[in-house]
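Position 1 is the first residue of the sequence; numbering continues from there. For the numbers below, each heavy atom of this structure counts, side chains included, while hydrogens, waters and symmetry mates do not.
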Amino acid sequence: MIKATHIQSRQHIQALHTIMNRAAELADGAEPMEGVEQNFAHTIIKAHQLNPWFTLENMKSAFSELAHMLRPEAFQQWIKSYPTSAGGKRVGLILAGNIPMVGFHDILSANVAGHKVIVKAASQDAVLLPAIFGWLNQLVPESQIDINWVDGKLGEIDAIIATGTNNTARYFEYYFGKYPHIFRKNRNSVAILNGAESDDDLARLGSDIFSYFGMGCRNVSKIYLHKDFDINRFFSAMYPHREIVNHHKYANNYDYYRALWMMNREEILDNGFLILRPSEAIGSPVGTIFYERYDDESVLRDRLNSRESEIQCVVSLADVPFGNSQKPELWDYADGVDTMSFLCTI
């Protein structure tokens, strides 16, 4: 019988790094080899059929970004910061499904910490993650990774990490609050433009806004513009992303909010594929971006600090570099909560 083990060796990480790179190639149209690659190519097609937001381009991006995250040297740098975990706990994971593979980091962390992992995947992303770990078990058959995938109740658990919305967080607290836990709510990311940005900086900001159709918590949904910033520079930099409106679900959102806000006589700026609307809110709907003008950046920073529970990351010349919001490292934890520290001490 093959012994169940955990992802703690360089061999496992190198295998996952290789798998993610190859998965990105398959999503980009590479010809699969027989066996596991053919099966995964079919899984990519099925994932898109189940969730039209999961385009081939977006799945390719997700795999590529995870391949970068799983560089063996980065993995070693990550785990050396933590004490040896006693492991052995039953850790339930309730995953989000807003972008492809978004729950991978939680699964990896719980497994590396030596726990028994029980995963309830989101219905929007139900096939990619099991396929990736199934591929890993075929690539490293001498040490099978044991993950329990469930459709219904989690069953007996000792701790839980659950990701959802502000509404589902109340549900999580009611049912699972007695266990050691991390509960994640709605967050969005913002960008600060002070006018010193180059045209290349603004072009890279387009990726922070439009990757995954703007549906990730690390996507920029709100921009703060210096009072003297020329808004035409922003629109010019976004123009290369104009084809996004050809995706029918994105277009439906864009058309809906354009019609609604025009009917309500809202002040909007519209370039044919993205709507800018002034608002103090941070989380904007798909197809739109909220914006505010500011005068004093230090005052703005104080305001953002007071709303840190709503913000995943800040993109600017002084914070997360433009174009990097969706390229976190292993130690860039969701909501700023150190998942590995939690898992090593439960």
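Linking Ile, Leu, Val, Met, Phe, Trp and Tyr residues whenever their side-chain heavy atoms come within less than 4.5 Å places Tyr82 and Phe75 in a single cluster.
Taking the charged nitrogens against the carboxylate oxygens, Arg277 and Glu267 have no contact shorter than 4.0 Å, which rules out a salt bridge. Salt bridge Lys185/Glu310: absent, no basic N to carboxylate O contact under 4.0 Å. Remark: Arg204 engages Asp201 in a salt bridge, criterion side-chain N to carboxylate O under 4.0 Å. Salt bridge status for Glu25 with Arg22: present, with a side-chain N to carboxylate O gap under 4.0 Å. The pair Asp106-Arg184 counts as a salt bridge, with a side-chain nitrogen and a carboxylate oxygen less than 4.0 angstrom apart. Taking a cutoff of 4.0 Å between a charged side-chain nitrogen and a carboxylate oxygen, Glu156 and Lys116 do not qualify as a salt bridge.
With hydrogens and angles disregarded, no donor-acceptor distance shorter than 3.5 Å links the side chain of His17 to the backbone of His68. A distance-only check finds a donor-acceptor pair linking the side chain of Lys222 to the backbone of Ala281 [under 3.5 Å]. Formation of a donor-acceptor pair under 3.5 Å by the Asp125 side chain with backbone atoms of Met101 is found in this model. Judged by distance alone, the side chain of Arg293 and the main-chain N or O of Phe229 form a donor-acceptor pair under 3.5 Å. Checking side-chain atoms of Ser284 against main-chain N and O of Thr288 turns up a donor-acceptor pair under 3.5 Å.
His247 and Trp53 have parallel rings, their planes meeting at less than 30° on a 0 to 90° scale where 60° marks the start of perpendicular. Taking the six-membered ring for Trp and thresholds of 30 and 60 degrees, His181 and Phe183 have nearly parallel ring planes, at less than 30 degrees apart. Ring geometry, Phe213 versus Tyr250: the interplanar angle falls from 30° to 60°, so the pair is classed tilted.
For Glu73, the CD atom counts as densely surrounded, since its 6.0 Å shell holds more than 12 non-hydrogen atoms of other residues, nucleotides or ligands.
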Chi angles and distances behind the side-chain hydrogen bond (donor to acceptor under 3.5 Å, both in side chains) call for Glu308, Asn305: CA-CA 5 Å; Glu308 63 178 356; Asn305 287 338; over 6 Å; no
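With sequence neighbours excluded, the residues forming a side chain to side chain donor-acceptor pair (under 3.5 Å) with Ser325 are Asp208, listed by chain and number. Applying the side chain to side chain donor-acceptor pair (under 3.5 Å) criterion to Asn188, with sequence neighbours excluded, gives no partner residue.
The two residues Asn246 and Glu243 have their closest heavy-atom pair at ND2-OE1, 2.5 Å. Nearest heavy-atom pair, Phe54 versus Ala47, reported as atom, atom and distance to 0.1 Å: CB-O, 4.2 Å.
Here the CG-SG distance, from Asp335 to Cys217, works out to 7.0 Å after rounding to the nearest 0.5 Å.
The ring-ring contact (aromatic ring centres under 6.0 Å, His included) contacts involving residues 324-345 comprise His105-Tyr333, where partners must be two or more places apart or lie in separate chains.
A side chain to side chain contact (heavy atoms under 4.5 Å, CB included) with Phe234 holds for exactly one of Asn232, Ile231, Asp230; it is Ile231.
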